[in-house]
Student: 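Dumping the structure here so I can ask a few things about it.
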Amino acid sequence: MSSSGPTPGNPQVKALNCPGCGAALTLRSFSQAVTVVCESCHSILDAQDPRLKILQKFQVATREDPPLIPLGNRGTIRGTQYEVIGFQRRTILVDGVPYSWHEYLLFNPFKGFRYLTEYNGHWNDVSVLRALPLSSPGASTLNYLGQTYRLFQTAKAETSYVLGEFPWQVRVGETAEVSDYISPPRVISSEKTDKEITWSMGEYLAGRDVWKAFKLAGDPPRAVGVYENQPSPLIGHVKAVWKLCAAFLVALVVLIIGFYATARNQQVFSQSYSFNTNGKTEASFVTDVFELKGHTSDVELRTQANLDNNWIYLNYALINEDTGHAYDFGREVSYYSGYDSDGPWTEGSQKDSVTIPSVPPGNYYLRVEPESEYYRGTIYYSITLERDVPQFGFFGIAALALLIPAGVITWKFMNFEHLRWAESDYGNSDGSDDNHGAGNAAAIAGGIGAVAGLIGNALDIDE
Amino acid sequence: MMRNVFFIYGLAILSALALAEYRGWSLNRVDELKNVPKSVRDNPGSYRSVYGYYHHYTGGK
C-alpha cells in the first residue's frame, strides 16, 4: 500500500431521499450503483430507478453490526485510493453453527471495485479475477497463473446484512455456493448462483495494515485462530533454518574429519602387569614417568585384562610429578560368560577405556592400585595411555544441538498448518506434496512427509 | 531475524565444539587433587584414592 495513484477526487455525491423513511441517501458510485441500502430503515432501493423503488426491507437494529470501517471512509490500497461504499455480512452454517464474515465494498472511479473481507480479525484484499482458473471436474485443486490452489472449504453463504450501495441486485437472504481454494497468502473463491459463477482472489492482510491504510483510530480487532490463507509466520524461517542447519552439519562433518586427521593419538605409555589375588602384600604401585607434550589436551587410558568370570577394579591416579596435581579415578573391568537354557551368554568386557579431560603438558606417572576377588589366581592386564584423542560424543551433541532448534521450528510450523487445516472441510487430506517447489504452504499441511519435502527443497542448493 | 539468530547459534555450537576438542574436554568426571606429596612415588600405598573401597559388582547371569 502506498499513498500514490488515482484518487476518487472531490466527492460528487448525489443527494437523494429514501422513499421509505425520508432519510437522506448518498450515492458514491454514481451510475454504477444498482442497489442502495438506506442506513436508517434498511430498505434496499433500486438505485437505477429515479424514484428509488423499494426492492426489499429487512428488519435489523441499526447498531447490530456496525462496519469496522465506516461507509465513506477512504483508504489507499496498492497505491490507489478507494472509498468504502458498501458493507455486507455473509453467513454460512457448519454443523448448524453460523459463522459470519464481513465484506466491505470499495470503489475508485478509475479503478472500479474491490473488496475487503474480515473474519475474526483476519482481513483479505479481494478483487475479481480477470481470467478463469484452470481446474478439472471433481478436482480438489485448481491452477491460476502457474500456482496451485487447494480446496479448503465449500459452503452455502447467505447474505444476512447489507448497508450502502452495491453494483448488483443485493438482497438479504440471497445465497451462493462459495468455495475457497488456498495457496497462502492467497485464496481464490468461487461464488456460484443459479445465474453465474464469479471468481475472485484474496490476499491476506494484517489488521494493522488495514487500519493504517484507512487511518482508523485505535487498534484493529485481534486476529483469532489461524485463518485459511493466513501465511505461516515460519514458512520462510523453516527453509532458511534448515538450509543453515544443513550447512552447519556439513561444517560439523568437516570438523570431525579435520579433528580426526590432525589428532595426535600419541601413545605415551603402555605396559603389561599381573595381579596376584592370592597375595597379601601391598598391591599399589607407580609407573615410570612419562611426558605429555603439546597443549592442554585429553588423555585416554585403556585397560585390557584377561578376565574370565571375574573382575578387577583399578584405582588410578594420574599424577604430575612436578606440581603434585592428580587426576583420581577408578575403573572396573569385568567379564562373565556361561551357558544356560537360552544358549551361551556373555556379560561385560575385557576392555575398558576412559578419557581424562584437559590435562596440561608435563611429566606424569600413574599410581595404580588393583583390587579383585581373593584367591582367584593371577590376573594379567595392560594399561595404555594416549594423548590428544578426539571425543566423538561432542560431535553427536553438536549435531543434536543444531537439529533441535530446526526441529522445534518445523514442529511449530506443522502445528500452524494443523490449526489451519483443522478448520477445513478437507482437513483429512494426506497433505501429499503435489506442489513441488517453494512457497505453497498448503501443500505441506499436516504431514511429516510433506515437511520432509520442504526440507528437501530447503537443501536444494539450486533452488 | 530468526535466520541470523540461528546462524549465530550454529557458529557458537561449532566454536564450542572446536574449543572442546582442542582443549580435550570430556564428558567423564574425574576428581582432581592438588599437592599430592612426592613421597607417593616411594610409597604408593600411602596414597588414599577417593575411589577406594568401591562396592564391586560380582554378578554374572
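A, B, ... follow the sequence lines: proteins, then strands. Residue 1 opens every chain. Keep in mind that what you see is a predicted model, and the values were worked out from it rather than measured.
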Student: Do Y47(B) and N315(A) have side-chain heavy atoms sitting under 4.5 Å apart?
Tutor: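 The answer is no, as the side chains (C-beta and beyond) never meet within the 4.5 Å cut-off.
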Student: Measure E282(A) against the heavy atoms of chain B and call it side chain, backbone, both or neither at under 4.5 Å.
Tutor: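 Looking at E282(A), just its side chain touches chain B.
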Student: Examine whether an atom of I409(A) lies under 4.5 Å from a heavy atom of chain B, and if so say whether it belongs to the side chain, the backbone or both; otherwise answer neither.
Tutor: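 I409(A) touches chain B through side-chain heavy atoms alone.
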Student: Do R29(B) and F329(A) have side-chain heavy atoms sitting under 4.5 Å apart?
Tutor: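 Result no, sub-4.5 Å side-chain heavy-atom pair not found.
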Student: What part of L244(A) lies closer than 4.5 angstrom to a heavy atom of chain B: side chain, backbone, both or neither?
Tutor: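 Contact with chain B involves both backbone and side-chain atoms of L244(A).
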Student: Considering non-hydrogen atoms only, spot the tightest contact between F6(B) and C245(A) and give its length.
Tutor: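 Nearest pair, atom of F6(B) first, then C245(A): CE2-N, 3.6 Å.
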Student: So which heavy atom on R41(B) is nearest to which on D288(A), and how close?
Tutor: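 Shortest heavy-atom contact: NH2-CA, 4.4 Å.
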Student: Going through the checks in order, is the side chain to side chain contact (heavy atoms under 4.5 Å, CB included) test met by R367(A) and V40(B)?
Tutor: CA-CA 8 Å; R367(A) 186 259 183 189; V40(B) 168; 4.2 Å; yes
Student: Is the shortest side-chain heavy-atom distance between E21(B) and F394(A) below 4.5 Å?
Tutor: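 Yes, side chains in contact.
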Student: For P357(A) versus V30(B), what's the shortest heavy-atom pair and its separation?
Tutor: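 Heavy atoms of P357(A) and V30(B) come nearest at CD-CG2, 4.0 Å.
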Student: Does E32(B) reach the main-chain N or O of A326(A) with its side chain, forming a donor-acceptor pair under 3.5 Å?
Tutor: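 Not at all, since once roles are kept as given, no pair shorter than 3.5 Å links the two residues.
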Student: Let me know if Y22(B) has heavy atoms under 4.5 Å from chain A in its side chain, its backbone, both or neither.
Tutor: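 Looking at Y22(B), backbone and side chain both touch chain A.
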Student: By a 4.5 Å heavy-atom criterion (distance strictly below it), what part of Y335(A) contacts chain B: side chain, backbone, both, or neither?
Tutor: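 It is neither, since no heavy atom gets under 4.5 Å.
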Student: Measure the CG-CD distance between N28(B) and E300(A) for me, rounded to the nearest 0.5 Å.
Tutor: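 So the gap between those two atoms works out to 9.5 Å.
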Student: Which region of I319(A), side chain (C-beta onward) or backbone (N, CA, C, O), has a non-hydrogen atom less than 4.5 Å from a non-hydrogen atom of chain B, or is it both or neither?
Tutor: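 Contact with chain B is through the side chain of I319(A) alone.
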Student: So L14(B) and F248(A), side chain to side chain contact (heavy atoms under 4.5 Å, CB included) or not? Walk me through it.
Tutor: CA-CA 8 Å; L14(B) 293 188; F248(A) 280 129; 3.5 Å; yes
Student: Which residue out of R23(B), K34(B), K38(B) racks up the most heavy-atom pairs below 4.5 Å with chain A?
Tutor: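 Going by pairs under 4.5 Å, I would pick R23(B).
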Student: Under the criterion side chain to side chain contact (heavy atoms under 4.5 Å, CB included), I'd like the reasoning laid out for V36(B) against N320(A): C-alpha separation, chi angles, the key distance, then a yes or no.
Tutor: CA-CA 9 Å; V36(B) 173; N320(A) 187 310; over 6 Å; no
Student: Below 4.5 Å from any heavy atom of chain B, which atoms of D322(A) appear? Answer side chain, backbone, both or neither.
Tutor: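 Backbone only.
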Student: Give, as side chain, backbone, both or neither, the part of H295(A) having an atom under 4.5 angstrom from any heavy atom of chain B.
Tutor: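 Just the side chain, heavy atoms under 4.5 Å.
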Student: Could you tell me which non-hydrogen atom of P44(B) sits nearest to which non-hydrogen atom of S284(A), and how far apart they are?
Tutor: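 Shortest heavy-atom separation between P44(B) and S284(A) comes out as C-OG, 3.4 Å.
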Student: Check each atom of T262(A) against the heavy atoms of chain B and say whether the ones under 4.5 Å are side chain, backbone, both or neither.
Tutor: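 When you check distances to chain B, no heavy atom of T262(A) falls under 4.5 Å.
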Student: Pick one of side chain, backbone, both or neither for F259(A), based on which atoms fall under 4.5 Å of a heavy atom in chain B.
Tutor: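 Only the side chain of F259(A) comes within 4.5 Å of chain B.
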Student: What are the two closest non-hydrogen atoms of S358(A) and W25(B), and how far apart are they?
Tutor: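 Heavy atoms of S358(A) and W25(B) come nearest at OG-CD1, 3.2 Å.
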Student: Would a distance-only check, ignoring hydrogens and angles, find a side-chain to backbone donor-acceptor pair under 3.5 Å from T355(A) to S26(B)?
Tutor: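 Flag not set: sc T355(A) to bb S26(B) has no pair under 3.5 Å.
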Student: Are there over 12 heavy-atom neighbours, none belonging to F290(A), within less than 6.0 Å of that residue's CZ?
Tutor: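 For F290(A), atom CZ is crowded (more than 12 foreign heavy atoms under 6.0 Å).
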Student: Verify, without hydrogens or angle tests, whether D31(B) (side chain) and D328(A) (backbone) share a donor-acceptor contact under 3.5 angstrom.
Tutor: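 A pair under 3.5 Å: no.
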Student: Find the one option among R3(B), M1(B), M2(B) whose heavy-atom pairs under 4.5 Å with chain A are most numerous.
Tutor: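 Most heavy-atom pairs under 4.5 Å with chain A: M2(B).
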Student: Does CZ in F285(A) sit with more than 12 non-hydrogen atoms of other residues, nucleotides or ligands closer than 6.0 Å?
Tutor: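 Atom CZ in F285(A) is packed in, count exceeds 12.
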